[in-house]
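Reviewing the structure listed below.
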Amino acid sequence: MKCSIPKGTRDFLPAEMARRNYIFDTIREVFKTFAFEPIETPSLENLSTLMGKYGEEGDKLLFKVLNSGDFMDGVDFSQDYHKVAPRICERGLRYDLTVPFARFVVQHRDQLTFPFRRYQLQPVWRADRPQKGRYREFYQCDADMIGSTSLLNELELVQMIDAVFQRLGVEVTVKINNRKVLAGIAEHIGAPDKLVDITVAIDKLDKIGLDNVRAELRERGLDDSQIAALDPVFALTGDAAAKLSQLATLFAGNEVGTKGVEELKELFGYIEQVKPQCHVELDLTLARGLNYYTGAIFEVKAHNVSIGSICGGGRYDNLTGIFGMPDVSGVGISFGADRIYDVLTELDKFPANLGQPARALFINFGAESLPYAISCAAKLRASGISTLIYPDNAKMRKQMDYANRCHVPFVIFVGENEIAAQTLTVKDMTAGTQSTLTLDEVVALLKA
RNA sequence: GUGGGCGUAGUUCAGCUGGUUAGAGCGCCAGAUUGUGGAUCUGGAGGUCGUGGGUUCGAGCCCCACCUCCCACCCCA
């Protein structure tokens with residue numbers, strides 16, 4: 001029989017799990033340091049919760065789950081599939097952690113204390129075509145604060161990004177923009193309804209170049225004068241502060257734009273004070289696809305690795321409004337654990353000796369010596385030392401080889417001699433040295 | 001949804017313009033070596049050549065379809 005797993009999904013071997021947990025542990029630690037609390041939500045959500053939150057493209061990428069039972073009962077299959085789908089699929093796999101979180105907040109508002117900070121490390125699913133750094137099932141590590149509009153929250157997100165990647169030893173650039181500035185630009189050129197088209201096109205600037213962006217804008221229905229009106233935006237120069245003051249002038253009388261510039265000024269002012277180690281830059285071409293962002297938006301790129309963004313986020317002013325709880329603003333970020341894994345692999349930044357299942361292996365000398373080995377092993381385990389007894393009375397060579405291959409640092413011999421003397425012979429597998437000790441001495445040695 | 005590439009032993013790969021019995025390294029098993037490992041040597045097992053059709057006297061190799069994985073576009077973590 002031939003077996004396999006669905007496209008875009010993966011099994012994780014113990015060695016990979018050790019490295020993955022290193023990433024999760026690092027992120028979790030930072031989240032805890034910033035006083036976030038963990039929650040979990042189900043893999044399945046009602047499709048009505050998910051649909052329409054991620055834009056047209058997002059709806060297409062949602063995994064929909066067929067109803068149980070006779071899903072065909074009373075459904076008119078002659079209609080367009082767009083109409084049929086919601087009738088036969090009432091549930092779907094979550095696409096991200098932010099929208100389910102908004103649902104969670106609305107549903108449990110009576111049990112939460114605002115401003116509420118939660119973190120969540122769980123898989124999400126997208127029916128995307130897999131390729132490098134892109135999976136159909138992958139883990140997001142989200143931290144969100146909801147119920148506060150303070151830009152201090154945005155600052156803390158930057159600090160958390162800085163802390164995580166500093167601990168992981170990865171150099172990154174945090175790109176920051178603000179949807180209000182993008183809205184201001186759209187308004188500035190007299191095309192406020194074309195905000196999405198403008199952002200999508202501008203987002204490609206460093207990829208396809210200015211001329212192609214102009215062409216794309218034309219395709220998306222902007223006229224030449226509107227496109228020309230964007231020139232001052234492309235012409236901005238200098239550091240964040242300089243660009244922002246130029247923008248402020250450009251946005252005179254433009255309410256949204258001005259608000260966006262003010263927010264960015266405040267945020268960059270805070271960032272200047274905390275002096276993060278990572279690079280932080282204002283990137284006016286940063287758009288981010290997710291529809292629900294309304295304020296600050298973030299994206300993190302690793303240096304020297306060509307993979308998409310490894311972390312992203314932003315502020316959403318009214319995500320809970322869709323679920324009947326208006327005027328609650330939130331802001332959060334999402335670390336892409338799987339891409340971070342790929343980055344650490346490519347940069348060779350994983351610590352050595354991550355996966356050591358056992359600290360000690362007892363060589364199996366057969367039935368006569370087993371009772372002594374079992375009781376010694378029990379005592380080591382009681383002392384918190386991960387211990388293994390080789391299950392079969394196999395050849396020494398095979399048992400030693402097993403220890404090597406599993407990277408077990410200490411091998412313990414308990415045969416006739418040891419039993420008679422009530423001792424253990426411990427071999428240090430890396431140094432090749434060995435000594436005969438009492439149980440207490442072995443515990444002390446292995447705990448070191 | 002669109003375009004490109006790959007698929008041969010457990011694994012990494014070789015396999016000539018189509019030719020008779022499909023190879024190698026690593027791994028695995030046994031032995032040299034029944035209380036001391038990573039080395040070496042000897043022997044052995046292991047293949048529906050992704051699947052199905054076609055061309056041919058003859059297909060791992062050529063043609064078609066499908067599947068898989070990978071890469072790129074779109075979009076995104």
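All heavy atoms count here, side chains included; hydrogens, waters and symmetry mates do not. Numbers restart at 1 for each chain; the letters A, B, ... are given by sequence-line order, proteins then strands.
Contacts of A:Lys175 classified as salt bridge (charged side-chain N to carboxylate O under 4.0 Å, His left out), with partners at least two apart in sequence or in another chain: A:Asp283. By the ring-ring contact (aromatic ring centres under 6.0 Å, His included) test, A:His407 is found to be paired with no residue, residues two or more places apart in sequence or in another chain being considered. Every residue two or more places apart in sequence or in another chain was checked for a salt bridge (charged side-chain N to carboxylate O under 4.0 Å, His left out) with A:Glu171, and none qualifies. Taking the side chain to side chain contact (heavy atoms under 4.5 Å, CB included) definition, one finds that A:Thr425 meets it with A:Phe413, A:Glu418, A:Gln434, A:Thr436, sequence neighbours left out. Legend: residues meeting side chain to side chain contact (heavy atoms under 4.5 Å, CB included) with A:Glu346, ordered by chain and number and at least two apart, are A:Lys132, A:Val305.
Using a 4.0 Å heavy-atom distance criterion, A:Gln140 is classed as a sugar-phosphate-only contact. Across all strands, A:Lys204 comes closer than 4.0 Å only to sugar-phosphate atoms, never to a base (heavy-atom distances). Residue-level contact check: A:Lys132 touches the backbone only, with heavy atoms under 4.0 Å from sugar-phosphate atoms and none from bases. Looking at heavy-atom distances under 4.0 Å, A:Cys141 makes no contact with the nucleic acid at all. Residue-level contact check: A:Asp128 touches the bases, meaning some heavy atom is under 4.0 Å from a base atom. At a threshold of 4.0 angstrom between heavy atoms, the contacts of A:Val124 with the nucleic acid are absent. No engagement by A:Phe335 is indicated, since no non-hydrogen atom pair under 4.0 Å with the nucleic acid exists.
As rounded to whole Å, 19 Å separates atom P of B:A77 from atom CG of A:Leu344. One can place CD1 of A:Ile307 at 15 Å from C1' of B:A72, the figure rounded to the nearest angstrom. Here B:A77 presents its P atom at 12 Å from CD of A:Glu57, a figure rounded to the nearest Å. The separation between A:Arg10 atom CZ and B:U68 atom C1' is 17 Å, rounded to whole Å. Going from atom CZ of A:Arg136 over to atom P of B:C76 covers 17 Å, rounded to whole Å. As rounded to whole Å, 16 Å separates atom P of B:G1 from atom CG of A:Asp59.
You'll find a donor-acceptor pair under 3.5 Å spanning the side chain of A:Lys427 and the base of B:G37, going by distance alone. Put simply, the side chain of A:Arg126 and the base of B:C75 share no donor and acceptor less than 3.5 Å apart. Interface remark: the A:Arg134 side chain does not form any donor-acceptor pair with the B:C70 base, using a distance-only criterion of under 3.5 Å.
Between A:Gln131 and B:C71 there is no side-chain N or O to OP1 or OP2 distance below 4.0 Å.
The cationic atom of A:Arg19 (NZ for Lys, CZ for Arg) does not lie both less than 6.0 Å from the six-membered ring centre of A:Tyr341 and within 45° of the ring axis.
RNA chain B is contacted by A:Gly432, A:Gln434 of residues 431-448 of chain A, taking any non-hydrogen atom closer than 4.0 Å. A heavy atom lying under 4.0 Å from RNA chain B marks the following residues of residues 391-399 of chain A, by number: A:Lys395, A:Met396, A:Arg397, A:Lys398.
Under the salt bridge (Lys or Arg N to Asp or Glu O under 4.0 Å) criterion, no residue pair touches residues 383-410 of chain A, with sequence neighbours excluded. For the salt bridge (Lys or Arg N to Asp or Glu O under 4.0 Å) condition, the pairs that include at least one residue of residues 294-316 of chain A, sequence neighbours left out, are A:Glu154-A:Arg315, A:Arg288-A:Glu299.
Stacking of A:Phe138 onto the six-membered ring of B:A77 is present: less than 5.5 angstrom between centres, less than 30° between planes.
In this structure, A:Gln120 and A:Gln140 have side chains that are not in contact, with every pair of non-hydrogen atoms separated by 4.5 Å or more.
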For this session: Taking Watson-Crick and G-U wobble pairs with both distances under 3.5 Å, convert RNA chain B into its dot-bracket string, 5' to 3', dots for unpaired and | for cross-strand pairs.
Result: (((((.(..((((.....[...)))).(((((.......))))).....(((((..]....)))))).)))))....
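Each of A:Phe138, A:Tyr54, A:Trp125 was scored for a ring-ring contact (aromatic ring centres under 6.0 Å, His included) with A:Tyr95, with one residue passing: A:Tyr54.
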Between N or O atoms, less than 3.5 Å apart, protein on one side and nucleotides 4-6 of chain B on the other: list the pairs.
none

What protein N or O atoms touch nucleotides 44-46 of chain B N or O atoms at under 3.5 angstrom, if any, and at what distances?
none

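With RNA chain B read from its 5' end, the first of the two nearest nucleotides for A:Lys7 and A:Ile310 is the one closest to A:Lys7. Between A:Arg405 and A:Thr430, it is A:Arg405 whose nearest contact on RNA chain B lies nearer the 5' terminus.
Using bins of under 30°, 30° to 60° and over 60° for the plane-to-plane angle, the ring pair A:Tyr402/A:Tyr390 lands in the perpendicular bin.
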